[in-house]
Amino acid sequence: MDKQVEKEEKCAEESAGEENAQVNENEPTPRKKKGRTLLELFFTYFKIGLFTFGGGYAMIALLEREFVERKKWIGRDEFTDVIAIAESTPGPVAINCATYIGYKVGKFSGALVATLAVCIPSFAIIFAISLFFDAFLKFKYVAYAFRGIQACVVFLILSAGIKMFRGLKKTPLGMVLFVAAFGLLIAFSLLAVNFSSVFFILIGGVVGLIAYGIGIIRARKTEKANDSAAQGKQEEADTNGEEAQ
């Protein structure tokens, strides 16, 4: 009887070991996981680069929907910072964003894959158009199609701006900067003043640093005042205790 029980337990252990081995075989290795992630990153950016018209600003809404809302590879606050960095650094916004998000997802290989994926569609399309450029311009249906695309581009840019504004922290400094930048942009557009949006970002960064420095100075002054008040109360308590004795 004991031998039969031992035999059954041994068979159960062997079957459990086989099941665990089968499960481990089905689980993807880290290399396979990285390969799948890079492949997904490539096709996502390839799709965005293929169907986005109007430049990097029109791409912002699609990037936010794909990487923030769907895949959740990057947070909303970090995405806003990425857009600011991509705008204030050399190069197109779309490529800079692709490089940053790709590096965050897959390090160097991810940055390379994302950057190539977002560039390949536009390169291939422009190269094909350049082969018969004159005939392409004379094709009136293409011109009509691009008029409709331009209207959609305006909506994409506006939608991205509204989403980013909703995600901002509504601090007094942030609201003042927003109203000032928005008013100046409209005024410069109406007056045909050539003023790059990069300067708005740089000025906002400088103002933020100044505000941060002022906040640190105030906090230190408040801390010193509180320490002095606490020390004064302690000395007063010690004096009263000595007098009582």
**Prompt:** Side-chain contact, heavy-atom cut-off 4.5 Å: Lys71 with Val105?
**Reply:** no
**Request:** Kindly work out whether a path of hydrophobic side-chain contacts (I/L/V/M/F/W/Y, heavy atoms less than 4.5 Å apart) joins Val176 to Ile210.
**Result:** no
**Prompt:** Can you tell me how far CG of Leu191 sits from CG of Asn194, rounded to the nearest 0.5 angstrom?
**Reply:** 13.0 Å
**Request:** Decide yes or no for Phe42 and Val118: does some side-chain heavy atom of the first lie under 4.5 Å from some side-chain heavy atom of the second?
**Result:** no
**Fill in**
Heavy atoms of Leu177 and Gly204 approach each other most closely as CD1-O, 4.4 Å
**Fill in**
All heavy atoms of Ala114 vs all of Ala98, minimum pair found to be CB-O, 3.3 Å
**Prompt:** Can you tell me how far CD1 of Ile48 sits from CG of Leu50, rounded to the nearest 0.5 angstrom?
**Reply:** 11.0 Å
**Prompt:** Rounded to the nearest 0.5 Å, how far apart are CG of Leu209 and CD1 of Ile214?
**Reply:** 11.0 Å
**Request:** Determine the minimum heavy-atom distance between Ile95 and Cys119, stating which atoms define it.
**Result:** CD1-SG, 3.6 Å
**Message:** Does any part of the side chain of Trp73, heavy atoms only, come nearer than 4.5 Å to the side chain of Leu41, both counted from C-beta?
**Reply:** yes
**Prompt:** Roughly how far apart are Ile120 CD1 and Ile125 CD1, rounded to 0.5 Å?
**Reply:** 12.0 Å
**Asked** Tyr100 and Phe79: aromatic ring centres closer than 6.0 Å?
**Response** no
**Request:** Rounded to the nearest 0.5 Å, what's the gap from CD1 on Ile101 to CZ on Phe67? Could you check?
**Result:** 5.5 Å
**Prompt:** At what distance, to the nearest 0.5 angstrom, does CG of Leu62 lie from OH of Tyr45?
**Reply:** 11.0 Å
**Request:** Would you mind checking if Arg70 and Glu66 are paired as a salt bridge, meaning a charged N to carboxylate O distance below 4.0 Å?
**Result:** yes
**Greater than 12 external heavy atoms within 6.0 Å of Phe182's CZ** = no
**Message:** Does atom CZ (Phe188) have a neighbourhood of more than 12 heavy atoms from anything else shown, all under 6.0 Å?
**Reply:** yes
**Message:** Show the nearest heavy-atom pair for residues Thr115 and Ala111, with the distance to one decimal.
**Reply:** OG1-O, 2.7 Å
**Message:** Taking the side chain as everything from C-beta on, heavy atoms only, tell me whether Thr99 gets closer than 4.5 Å to Tyr103.
**Reply:** no
